[in-house]
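Single-structure report; data block below.
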Amino acid sequence: MEERVSGIVSLETLRRLGYLPTEDRLRKGPVAIFECIEPIPCNVCVLSCPFEAVKMEKITDLPKVDFDRCTGCTLCVAQCPGQAIFVVDASQDGEEALLSLQYDMGEPPDPGDRVVLLDREGNSVGEGKVVKVYKHKRSEAFVVTIAIPQKLLMVARAFRKVGRGES
Ligand code: SF4
Ligand code: SF4
């Protein structure tokens, strides 16, 4: 798999691995998108999900997500050591969607801050606005939820803070 070399996963691969919910499920409310493609010995997501939405037979298997059970709570996002889980919410009317992701680059942004959205390759693809930030007690990781343009739902996967003086 080319992604194993580049570290950049394609939508095609995510679809093939069963990581992409249907359009209907996406419209229903927040749901986890797993982008975990390496069969490493890790089952943190299975253990961190209070809704039994993630399954794995062997610890080296890739996670299997039950999108009907997933509530989009973000607890797996906060605890995934590979930062390979995102929660997206495309249930709102209009042009906006929500993206929740783990952040470990120092102080997180504050709610209300504007951020530059980046794709999987680190390219700037647009702008978002932070709506929520929390720190998970056990992992101590921050989970940042950002309002993003709907069209970037499957594109934006990171962000950088907008520095002072940047417009
Ligand atoms: S977002 Fe919550 S419900 Fe969904 S898989 Fe993660 S921990 Fe489970
Ligand atoms: S916790 Fe993250 S890295 Fe570990 S198996 Fe789950 S998705 Fe993959």
Side-chain angles (χ1 to χ4, degrees), residues 1-92 96-105 108-109 111 117-122 128 130-148 150 152-159:
M1 214 188 305
E2 196 185 315
E3 285 102 332
R4 291 209 175 131
V5 179
S6 68
I8 299 161
V9 65
S10 68
L11 282 181
E12 165 82 34
T13 296
L14 295 180
R15 190 167 290 113
R16 188 166 46 73
L17 293 174
Y19 286 154
L20 296 186
T22 61
E23 279 297 314
D24 278 358
R25 177 61 191 85
L26 283 169
R27 301 285 158 208
K28 271 189 192 154
V31 66
I33 308 288
F34 281 56
E35 303 200 358
C36 178
I37 60 168
E38 288 292 340
I40 51 169
C42 176
N43 64 352
V44 173
C45 46
V46 177
L47 300 176
S48 63
C49 181
F51 302 98
E52 297 185 353
V54 193
K55 295 257 168 14
M56 203 180 266
E57 278 177 25
K58 295 194 306 292
I59 196 165
T60 48
D61 287 347
L62 292 177
K64 285 203 180 340
V65 192
D66 182 337
F67 299 119
D68 292 328
R69 282 179 176 268
C70 175
T71 65
C73 70
T74 74
L75 289 174
C76 57
V77 175
Q79 295 174 82
C80 171
Q83 299 188 341
I85 312 174
F86 306 83
V87 163
V88 298
D89 182 355
S91 64
Q92 306 176 64
E96 219 167 61
L98 298 174
L99 168 72
S100 297
L101 69 174
Q102 195 188 119
Y103 184 77
D104 72 346
M105 307 279 285
L117 301 169
L118 309 174
D119 67 11
R120 292 176 182 82
E121 297 179 53
V130 176
V131 295
K132 185 178 162 192
V133 179
Y134 79 86
K135 185 175 186 177
H136 188 267
K137 275 192 191 145
R138 197 165 43 217
S139 73
E140 299 201 326
F142 291 100
V143 174
V144 178
T145 300
I146 309 169
I148 65 168
Q150 283 261 10
L152 297 180
L153 196 71
M154 292 299 167
V155 176
R157 285 297 178 264
F159 69 88

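Small disclaimer: the values here were computed from a predicted structure and weren't measured. Note that ligands are numbered from 1 as they come in the structure, with each ligand's atoms numbered from 1 the same way.
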Which pairs would a plain distance check flag for residues 42-54, meaning a side-chain donor or acceptor within less than 3.5 Å of a matching protein atom at least two apart in sequence or in another chain?
from  : atom 1 : to    : atom 2 : distance (Å)
Ser48 : OG     : Val44 : O      : 3.0
Ser48 : OG     : Cys45 : O      : 3.2

For residues 74-81, please give each side-chain donor-acceptor pair under 3.5 Å, one per line with the distance, not counting sequence neighbours.
from  : atom 1 : to     : atom 2 : distance (Å)
Thr74 : OG1    : Tyr134 : OH     : 2.7
Gln79 : OE1    : Arg138 : NH2    : 3.0
Gln79 : NE2    : Leu75  : O      : 3.0
Gln79 : NE2    : His136 : NE2    : 3.4

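A donor-acceptor pair under 3.5 Å is absent between the side-chain atoms of Tyr19 and the main chain of Thr13, judged by distance alone. Put simply, the side chain of Glu35 never gets that close to the backbone of Ile85: no donor and acceptor are under 3.5 Å apart.
Counting only heavy atoms of the protein, atom 5 (S) of ligand 1 lies nearest to Val54 CG2, 3.6 Å.
In this model, a donor atom of one side chain and an acceptor atom of the other lie less than 3.5 Å apart for Asp89 and Ser91.
The pair Asp61-Lys58 meets the salt-bridge criterion, with a side-chain N (NZ, NE, NH1 or NH2) lying under 4.0 Å from an Asp/Glu carboxylate O. Between Arg27 and Glu23 there is a salt bridge, since a side-chain N of the basic residue sits under 4.0 Å from a carboxylate O of the acidic one.
Considering only heavy atoms from C-beta on, Leu14 stays 4.5 Å or farther from Met154 through its side chain. You'll find the side chain of Asp66 stays beyond 4.5 Å of the side chain of Lys55, heavy atoms only.
Close contacts between ligand 2 and Ile85 involve ligand atoms 7 (S) [criterion: under 4.0 Å to a heavy atom].
Less than 2.8 Å away from atom 2 (Fe) of ligand 1, the protein contributes these N/O/S atoms: Cys73 SG. Around atom 4 (Fe) of ligand 2, the protein atoms of type N, O or S found under 2.8 Å away are Cys42 SG, listed by chain and number.
Shown here is Lys64, whose NZ atom has no more than 12 heavy atoms of other residues, nucleotides or ligands within 6.0 Å.
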